[in-house]
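Before any comments, here is the structure.
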Amino acid sequence: MKHKLERVGTNYIPVRNVEVSAAWYVEKLGGELSYKDEDKAIINLADQSFFLVRAKDHQTANFIDKHGEEQFSLTFEVDGMEALVEIHQDFMEAGIIVGEIENRGHAGRNFVFQDLDGNKFDVWSELARK
């Protein structure tokens, strides 16, 4: 193979209300709004572009695993345990729905948070690539 996939450029996130969701991603997560119309918004966050796409009610980017548990489809990384604890606290203070910091039996620790539409995201205390 001559060429390889270089990076993930865009993630698409289903939302009910583009205006409200875009404001949430900017205010709560520190994203930067780069485009918005009635059907979509582009938020730049964590060196990615997130397209918030107006979808039907009850649509999320989550999936159900073989044990019947709803799972996130995306993990954000922070640089170390101190950063994980700090952002976990910041998210709680901002009123974001967050889970407990977990030990999943691998390096580092994680927690899950949700956006306004119930899209779940993971945060991991390790940087996969430095």
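When a residue number appears, it is its place in the shown sequence, counting from 1.
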L33 atom CG, over 12 foreign heavy atoms within 6.0 Å: yes

Residues, nucleotides or ligands: over 12 heavy atoms within 6.0 Å of D57 CG: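 More than 12 within 6.0 Å, yes.
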
Hey, quick one: are [X] and [Y] part of the same hydrophobic cluster, counting side-chain heavy atoms closer than 4.5 Å, chains of contacts allowed?
| X | Y | result |
| --- | --- | --- |
| W24 | M92 | yes |
| Y35 | Y12 | yes |
| I42 | F50 | no |
| L116 | V123 | yes |

Please report the closest heavy-atom contact between [X] and [Y], naming both atoms and the distance.
| X | Y | value |
| --- | --- | --- |
| K40 | F51 | CD-CD2, 4.5 Å |
| W124 | H106 | NE1-CE1, 3.5 Å |
| Q114 | I96 | O-CG2, 3.7 Å |
| K120 | F72 | O-CB, 3.2 Å |
| G30 | L45 | C-CD1, 4.3 Å |
| P14 | A61 | CG-N, 3.7 Å |

Distance, nearest 0.5 Å, that separates [atom1] of [X] from [atom2] of [Y]:
| X | Y | atom1 | atom2 | result |
| --- | --- | --- | --- | --- |
| E38 | E19 | CD | CD | 11.0 Å |
| E69 | N62 | CD | CG | 12.0 Å |
| M81 | I101 | CE | CD1 | 4.5 Å |
| R16 | H58 | CZ | NE2 | 7.5 Å |
| F91 | I97 | CZ | CD1 | 13.0 Å |
| L52 | N11 | CG | CG | 10.5 Å |

Backbone N or O of [Y] within a donor-acceptor pair of the [X] side chain at under 3.5 Å?
| X | Y | value |
| --- | --- | --- |
| N110 | E102 | no |
| D115 | D117 | yes |
| S125 | R109 | yes |

pair T60-E70: side-chain heavy atoms closer than 4.5 Å: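 The answer is yes; the side chains approach within 4.5 Å.
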
Note, K36 side chain near V18 side chain (heavy atom, < 4.5 Å): yes

Verdict with supporting geometry, Y25 and I13, side-chain contact (heavy atoms from CB on, under 4.5 Å): CA-CA 11 Å; Y25 276 77; I13 307 295; 3.7 Å; yes

R104 and D122: CA distance, side-chain angles, deciding distance, side-chain contact (heavy atoms from CB on, under 4.5 Å) verdict: CA-CA 12 Å; R104 297 184 187 155; D122 186 48; 2.9 Å; yes

Ring centroid separation F113 to F121 under 6.0 Å: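 Between F113 and F121, the centre distance is under 6.0 Å.
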
